[in-house]
> 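Below is the structure I would like to discuss, written out as structure tokens.
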Amino acid sequence: MRLDKFLKLSRIIKRRTVAKDASTNGIVSINGKQAKPATQVKIGDIIQIDYPSASYKYRVKDIKENVKKQESEDLYEVIS
């Protein structure tokens with residue numbers, strides 16, 4: 001699954017266009033490497049988002065094409 005789509009479906013980032021912009025601007029990395037919006041996300045990957053005020057890490061636990069809001073938190077695990 002594409003990174004921008006995963007970030008939107010998991011509701012880590014609320015809109016896909018914002019996820020795409022964050023990836024394009026170098027804010028998002030996967031397994032320590034800067035990621036583009038089309039980078040493929042796999043189970044077990046570590047996604048890091050570096051905002052100016054804070055940094056967040058998530059481990060991908062599952063990938064689904066359609067997710068309800070209540071199930072979105074089951075797609076990832078917050079590391080820090």
> Output every pair passing ring-ring contact (aromatic ring centres under 6.0 Å, His included) with a member in residues 60-80, not counting sequence neighbours, ordered by first then second residue.
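Sorted pair list: Y58-Y76.
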
> Identify all side-chain donor-acceptor contacts of residues 22-40 below 3.5 Å with residues at least two apart in sequence or on another chain.
unit_1: S23; atom_1: OG; unit_2: A19; atom_2: O; d: 3.0
unit_1: T24; atom_1: OG1; unit_2: K20; atom_2: O; d: 2.8
unit_1: N25; atom_1: ND2; unit_2: D21; atom_2: O; d: 3.0
unit_1: N31; atom_1: OD1; unit_2: I46; atom_2: N; d: 2.9
unit_1: N31; atom_1: ND2; unit_2: D45; atom_2: OD1; d: 3.0
unit_1: T39; atom_1: OG1; unit_2: K36; atom_2: N; d: 3.0
unit_1: T39; atom_1: OG1; unit_2: K36; atom_2: O; d: 3.0
unit_1: Q40; atom_1: OE1; unit_2: M1; atom_2: N; d: 3.0

> Does the side chain of K8 reach to within under 4.5 Å of the side chain of R2, using non-hydrogen atoms?
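Counting from C-beta outward, K8 and R2 never come under 4.5 Å.
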
> Enumerate donor-acceptor pairs with a distance under 3.5 Å from any side-chain N or O in residues 60-74 to protein atoms, sequence neighbours excluded.
unit_1: E65; atom_1: OE1; unit_2: K5; atom_2: NZ; d: 2.7
unit_1: S72; atom_1: OG; unit_2: K69; atom_2: O; d: 2.8

> Same cluster for I13 and I79 if Ile/Leu/Val/Met/Phe/Trp/Tyr side chains link at under 4.5 Å?
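No, I13 does not connect to I79 through the hydrophobic network.
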
> Measure the shortest side-chain to side-chain distance between I47 and F6 over non-hydrogen atoms and say whether it is less than 4.5 angstrom.
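They are in contact (side-chain heavy atoms under 4.5 Å apart), so the answer is yes.
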
> I need the full list of salt bridge (charged side-chain N to carboxylate O under 4.0 Å, His left out) pairs touching residues 51-60, with sequence neighbours left out, sorted by first then second residue.
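Every salt bridge (charged side-chain N to carboxylate O under 4.0 Å, His left out) pair that includes a residue of residues 51-60, provided the two are not neighbours, is R59-E77.
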
> Can you name the residues that form a side chain to side chain donor-acceptor pair (under 3.5 Å) with R15, not counting sequence neighbours?
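R15 satisfies side chain to side chain donor-acceptor pair (under 3.5 Å) with no other residue.
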
